[in-house]
There are 2 protein chains.
Amino acid sequence: MSGGTDEGPRRVGRPRADQLRPESGRPPREELLCAAAELFTLKGYAATTTRAVAERAGMRQATMYHYFAGKEELLAELLESTVAPSLALSRRLLADAARPAAVRLWELCRSDVLLLCGGPYHLGALYLLPELQGARLGQFRRMRDELREAYRTLLRATAVGDELAGDKAGLSLRNDLVFGLIEGVMLVRRSDPGRPVAAFAEAAADAALRVAGLDRADERADGQVGGRVSARAVGPGRPPSPPGRPRPGGCDPTPAGAPRP
Amino acid sequence: MSGGTDEGPRRVGRPRADQLRPESGRPPREELLCAAAELFTLKGYAATTTRAVAERAGMRQATMYHYFAGKEELLAELLESTVAPSLALSRRLLADAARPAAVRLWELCRSDVLLLCGGPYHLGALYLLPELQGARLGQFRRMRDELREAYRTLLRATAVGDELAGDKAGLSLRNDLVFGLIEGVMLVRRSDPGRPVAAFAEAAADAALRVAGLDRADERADGQVGGRVSARAVGPGRPPSPPGRPRPGGCDPTPAGAPRP
DNA sequence: ATTATCTATAGATCTATAGATAATGC
DNA sequence: ATTATCTATAGATCTATAGATAATGC
């Protein structure tokens, strides 16, 4: 029926030596990224050798250099793939003046958590690496700064933002705490990886709004305190999948260059 | 006046080769720990070589092995020194049934943040290392688990704990979020290291209580929302220095083995 | 011819040990 | 004699490059 993904060894180039890996069907570049994601998050960046990555991806160490200039380029690409979808979403949310800022902020938090924890590997762990200061990572850092600014703009537009109107430092601190909670969400996830991701992401987004200082309104509304989540009740009946379908880490079956509607 | 710390080269053993380091006066073991703290937090554990640590401490690479069996032992000792004071404080707080649990929880959070961010190096960054799974680190992990349990017990004893009485999973999730915020506080600190630590620690503790779901009581009391911190107002007129004077990372001038009253 | 891979390896580490050495202490 | 350090180095990596090789494409 479907266009037979049946692979006879029809590929150009010298065949691989040991066929240890079960031939996932993904292009080698992607396979390298996945291997790197797994190893970097599990064993750490510096502790992962190019040989480990390459061999995990089913090829010999030297072959990796056919696709990437080095280890740092792998890291850069992984990191960028982790911010990019959130950044895109944040732009859409900033433009969407119709919905309350608190709801949009919640949405951004939730989606961000899904991105950082949702994939097969918890790419969020990469945010904790000291290597983030590295040279090749400027692009990533700029994107991340823009994302932080988006958080800040949304926070500023909420009720708490009004209260802190004069207090720039206070607002920044609040925002950094919110942003830090989201980026550090890995630590929470690590301590109990068994929880279903979707519910976890919502709980984390709730917590982020509480850090911001934004759960009072709802609780005044329905009297529920703490037992049930808050901001979720505020949200519109929006389906939980964020637009643009952010691929969780680029390691799922879908090809990386999926079209954006 | 004081007991002259005047050092003529009165030390036993072969003298050091290059006297690059200005001879801090601390014993070499401590000096190694400080060097390790600085390098591990700044450049990462795996990326730091034994040579770098030793030379930073003013001695040759091989000499390090006279004091530590290897790199992992340095890490273990640093990590343990970071939990130990919090753990001790948590035991005292658990015993202190007189004060409200929320206040005690706040106190624990604040002190923990000071420990993780207060010293000259931000040891909290070590908590983010993937190497935490390492073999030699069992002792540290046990201590940390006990600390998490203390958080949980305190949280359980608050108003929120009552609300979540039946919901064990819910309580755990809350607690992990609180604990995660505190342990990940490094990420917040990193984004603006200029803020005064003391105020920052209080703001982080406030945020932790909000994550827990615990700022409503105060706000009902004084009507102040978000602008001014909450739990601080609840606290008794307790001086801000926690008992036992947790040394921030063991790298301050005081000798490491200071007596505990 | 082009492509994807391989093998081989130079050069640069890095860790941990062996054994020498230069102080003080007795 | 004891101690703290040093120098030297074996053995094990690890990265990145050079150059060969085995496919397909034309």
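Within every chain, numbering begins at 1; the chains are lettered A, B, ... in the order of the sequence lines, protein sequences first and strands thereafter. Just so you know, these numbers come straight off a predicted model, no measurement behind them.
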Checking base pairs now: Watson-Crick or wobble, both atom distances under 3.5 Å. What partners D:dT15? C:dA10
All pairs passing ring-ring contact (aromatic ring centres under 6.0 Å, His included) where residues 123-144 of chain B contributes a residue, at least two apart: B:Tyr127-B:Phe140
Residues two or more places apart in sequence or in another chain: which of them pass side chain to side chain contact (heavy atoms under 4.5 Å, CB included) with A:Ala76? A:Glu80, A:Arg136, A:Leu137
How would nucleotides 3-11 of chain C be written as a contact map, 5' to 3', with B for base contact, S for sugar-phosphate-only contact and - for no contact, using protein heavy atoms under 4.0 Å? BBBBBB---
Could you tell me the separation between the CD atom of B:Glu183 and the CG atom of B:Leu128, rounded to the nearest 0.5 Å? 8.5 Å
Shortest non-hydrogen separation from B:Asp176 to A:Arg195 and the atoms involved: OD2-NH2, 2.6 Å
Spacing of CG belonging to A:Leu79 relative to OH belonging to A:Tyr45, to within rounding of 0.5 Å: 9.5 Å
Strictly by Watson-Crick or wobble contacts shorter than 3.5 Å, is anything paired with D:dA22, and which nucleotide is it? C:dT3
Grab the NZ-P distance between A:Lys43 and D:dT13 for me, whole Å please. 13 Å
